[in-house]
Amino acid sequence: MRRIVEEGNFPGFCDWLGVTLEGKPQFVAGNFPSETLYTDLLARISPGRLLHMEYMVRPAADVPVRMLGYRAQIMRRYAGDQVTQIAIVLGEGSLRDLDDPESGFRLGLRTVHVRDADPQVLLADSALAPMAVLTRGSTSARQHRLAQALLQIRKEPPNSRSALVEATLELARIVLDRPTIDQIRKETKMTVEETADFYSESDWAQVLRNRGRQEGRQEGRQEGRREGQARTLLALMRTRFGDHPGLAALADALSQADDVAAIEAITRAERFEDIKVP
């Protein structure tokens, strides 16, 4: 969602939400370590006005209380500013209401359920198109929207296209299974290239390259580079799947493949058993 909102078309997203944006937005610090609170998005949208958003697949019961905690911290740090809070629900479920009119308490939290959005409105804007697959409909309708979104995003310049493709594919996993998504990716004839572009710019790819160069310089041979890659790939797999017997051997096998292909193989797998050596 950060790729869609912050790296995509933030003004268009605000327009979709009906939030007035004056001038250029300024993303501000929304981390409150003392309270272990870290906002998904906090932005100044006009003088004296802040927008706070949280994204969730299915809202937990404590979300409204946490939003209250966020509001208190934001108001303390940015004293005098008006705060608009929006919860973006990507999947099923609804937030419980904390408002208590009888006692005079109103949190003022607005909830947006993407499932209720008009898919055609989302598909009309490449920056919003990744969310179209989440709108209500049959499985076949959602499959069609996923394909439409990918084709719409194809029109974007390469520098923004890969991030939007990745966001689209990740969000699709909320409502569609992986084989279905993979099939649609193949039918659109763009996913392998675009995913490779995305991962080639990722932190993991950079770590692989840098560590490989360092190991190669230190040991003066290709084996050092491969060992550095294997250690990084092992760390990535442990981060995703936890520690399992055989991961070290799998990391060693993957280290012999192309950097990007190895990362793709790990990140596309649902379980570590599904990882295929390119």
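Remember, it's a predicted structure, so these values are computed and weren't measured experimentally. As a basis for the values below, the full set of heavy atoms in this structure was taken, side chains included, without hydrogen atoms, waters or symmetry mates.
No donor-acceptor pair under 3.5 Å is formed between the side chain of R185 and the backbone N or O of A147. Using modelled atom types, one side-chain atom of R110 and one backbone atom of L17 make a donor-acceptor pair closer than 3.5 Å. Of the possible polar contacts, one joining the R161 side chain to the E156 backbone as a donor-acceptor pair under 3.5 Å is found. Side-chain N or O atoms of N9 include one that pairs as donor or acceptor with a backbone N or O of G12 at under 3.5 Å. Although no hydrogens or angles enter the test, the distance criterion places no donor-acceptor pair under 3.5 Å between the side chain of R49 and the main chain of D81. Between the side chain of Q26 and the backbone N or O of R44 there is no donor-acceptor pair closer than 3.5 Å. Distance alone, capped at 3.5 Å, is enough to place a donor-acceptor pair between the T168 side chain and the L164 backbone. S255 places no side-chain N or O within donor-acceptor distance of the main-chain N or O of A230, the cut-off being under 3.5 Å.
The closest side-chain donor-acceptor pair between R71 and Q85 falls under 3.5 angstrom. No side-chain donor from either of Q152 and Q148 sits under 3.5 Å from a side-chain acceptor of the other.
Under the 4.5 Å side-chain heavy-atom criterion for Ile, Leu, Val, Met, Phe, Trp and Tyr, I88 and I45 are members of the same hydrophobic cluster.
Atom CD of Q143 and atom CG of L146 lie 8.5 Å apart (nearest 0.5 Å). In this structure, CD on E54 lies 3.5 Å from NE2 on H52, to the nearest 0.5 angstrom. If you take CZ on R77 and CG on L42, they are separated by 8.5 Å, rounding to the nearest 0.5 Å. The CG atom of L109 sits 4.5 Å away from the CE atom of M67 when rounded to the nearest 0.5 Å. Atom CD1 of residue I181 and atom NZ of residue K186 lie 13.0 Å apart, to the nearest 0.5 angstrom.
Of all the heavy atoms in F13 and M131, the pair that sits closest is CE1-CE, 3.6 Å. Nearest heavy-atom pair across L254 and A265 is CD2-CB, 4.4 Å. Across every non-hydrogen atom of P59 and L95, the tightest pair is CB-CD2, 3.1 Å. Minimum interatomic distance between P130 and I4 (heavy atoms only, all atoms of both residues): CB-CD1, 3.6 Å. The two residues L134 and L171 have their closest heavy-atom pair at CD2-O, 3.3 Å.
Tested against T135, the residues R145, H113, R115 include a single side chain to side chain donor-acceptor pair (under 3.5 Å) partner, R145.
A salt bridge does not link R3 with E6: none of the charged nitrogens is closer than 4.0 Å to a carboxylate oxygen.
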